[in-house]
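Since the structure comes first, as structure tokens, the remarks are kept for the end.
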2 protein chains.
Amino acid sequence: MKLTSSEENYIKAVYHLRGDQRLVSTNELAELLATRPASVTDMLKKLRTKKLLQYERYQGFKLSAEGKKMALGIIRRHRLWESFLSEKLRFNWDQVHDVAEQLEHIRSSLLIDRLDEFLGFPRFDPHGDPIPDPQGKMQVSRHLPLDECPLLTFAIVSHVTNQSNQMLEILGHHRIAIGTKLEVRRKFHYDHSLEIRIRNQPAIVISEQVARNIHVKPV
Amino acid sequence: MKLTSSEENYIKAVYHLRGDQRLVSTNELAELLATRPASVTDMLKKLRTKKLLQYERYQGFKLSAEGKKMALGIIRRHRLWESFLSEKLRFNWDQVHDVAEQLEHIRSSLLIDRLDEFLGFPRFDPHGDPIPDPQGKMQVSRHLPLDECPLLTFAIVSHVTNQSNQMLEILGHHRIAIGTKLEVRRKFHYDHSLEIRIRNQPAIVISEQVARNIHVKPV
DNA sequence: AAAATATTTTAGATTAGCCTAAATTATATT
DNA sequence: AATATAATTTAGGCTAATCTAAAATATTTT
């Protein structure tokens, strides 16, 4: 089945709202896509006739098996392109997303499978997210937000959920990026701020708010 | 100025009809784009208001300086992607076009300039066509059809104008592809067929019709 | 130069994807 | 349970890009 770019964006967004496991609401999806609820309703009807999701008016919706497969295909393409941009074209991790967002809509299994091979079949993209294989299978990565990370354990920054400029400013200031190895030294119970250490540099303190948006993978 | 994919396709097609040098007609363009003359007229008006081409009703049209610059940008992207697909992803030269046709519409100078660099600033694509630089300049390649190639001179196949299945069948049979080095041994005046030799293999004969569609670059 | 033909444009529809405003249904509050 | 509020859908419009059929203009033929 062929989908338009717009249809693909909706399917992908539903998946990101965990629409393969739970009912998603019209407003949630509208907000994520920066569109209007009325537009979402229109598209839902179209995607329902294509059997990509189950949808009853006023009751929310979730992906069908077929829809989930589609979503994983789109995500596979997106993450492979992110890896390409990052590794081969030296994009910064905050530059990859927008371009990958466009590249992901080019459907050609020859292209994608060859790209996968060219990159050496990577299992994670530069943000630390797993890349589905051609059948949609992917490794579970046990990421966790930094504020839940055990004390005195080394971990690698794998993902940053909030990518606002303000957040990027803080990360840049502390020289925290994807792949940075760090250790949580102490937790202050008063405001839930954390003291962390990056390599042998002096320890720094970050707020709970920041810590919650930094995901790490213990090593 | 931002153009839609459709607008880009029109601009590129006008350029391919040499619309930077001469007046192009509505029907010509409609045929090349496999669309209807009425649709062409609609688009011409739009592109005229964007000052990408000069157009007087019933009088034909040609690219403005700005329009030509746009066309060269699109062609640059197309040919760089063709090079990538061919060199890095091992696409056959007849597989690259359709995918490059989609990739070319992604506008990001970071992407394109980094891709150019990654490929080592190639000056010709896998079909032997020159790749414009960021300013739109490109090398003139003195291609000529095989039937005009001087005798007993080595030349490299750089381009095939007719890419029909029948043509591909013949080329495949004789193992002629882009990059193949060959020599014209003899011209038969009776039917203008040619005897050619590829490396040390036995000489073969090809018809004038085939020879005219194979372009080569003498070395 | 008039008639016939070919080309091009206009007029009016269609589809996808979006929108606003109003109506409907569900949920929360009193 | 009735009412108020929030969420969702419907109704009706808009734009871009296409189409067909008819009208306008240009070109060719006689």
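All values below were derived from every heavy atom in this structure, side-chain atoms included, with hydrogens, water molecules and symmetry-related copies excluded. Just so it is clear: chains get the letters A, B, ... in the order the sequence lines come, proteins before strands, and each one is counted from 1.
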Margin query: Below 4.0 Å from chain B heavy atoms, what is the first contacting nucleotide of DNA chain C and what is the last?
Written below: dT7(C) to dT10(C)
Next item on the list: Anything under 30° is parallel, anything over 60° is perpendicular, the rest tilted; go ahead and classify His143(A) against His215(A).
Entry: perpendicular
Check: Within the structure shown, what part of the strands sits under 4.0 Å from Ser39(B) by heavy-atom distance: base, sugar-phosphate, or nothing?
Finding: base
Checklist line | Residues Lys50(A), Glu66(A): salt bridge by 4.0 Å N-O rule | finding: no
Checklist line | Within-4.5 Å side-chain heavy-atom neighbours: Leu182(A) and Leu146(A) | finding: yes
Notebook entry, point to check: Under the 6.0 Å and 45° cation-pi test, does Lys217(A) pair with Phe124(A)?
Noted result: yes
Note to self: Does the protein touch nucleotides 5-16 of chain D at the base, only the backbone, or not at all? Give it as B, S and - per nucleotide, heavy atoms under 4.0 Å.
What the structure shows: --SBBB------
Check: Under 6.0 Å from the six-membered ring centre of Phe118(A) and within 45° of its axis: does the NZ or CZ of Lys88(A) meet both?
Finding: yes
Next item on the list: Please name all residues satisfying side-chain contact (heavy atoms from CB on, under 4.5 Å) with Glu208(B), sequence neighbours left out, ordered by chain then number.
Entry: His192(B), Arg212(B)
Item checked: Lys/Arg N to Asp/Glu carboxylate O, Arg22(B) vs Glu28(B), below 4.0 Å -> yes
Check: Would one find a side-chain N or O of Thr35(B) under 4.0 angstrom from OP1 or OP2 of dT18(D)?
Finding: no
Check: Would you call Glu117(B) and Arg90(A) a salt bridge, using N to O less than 4.0 angstrom?
Finding: yes
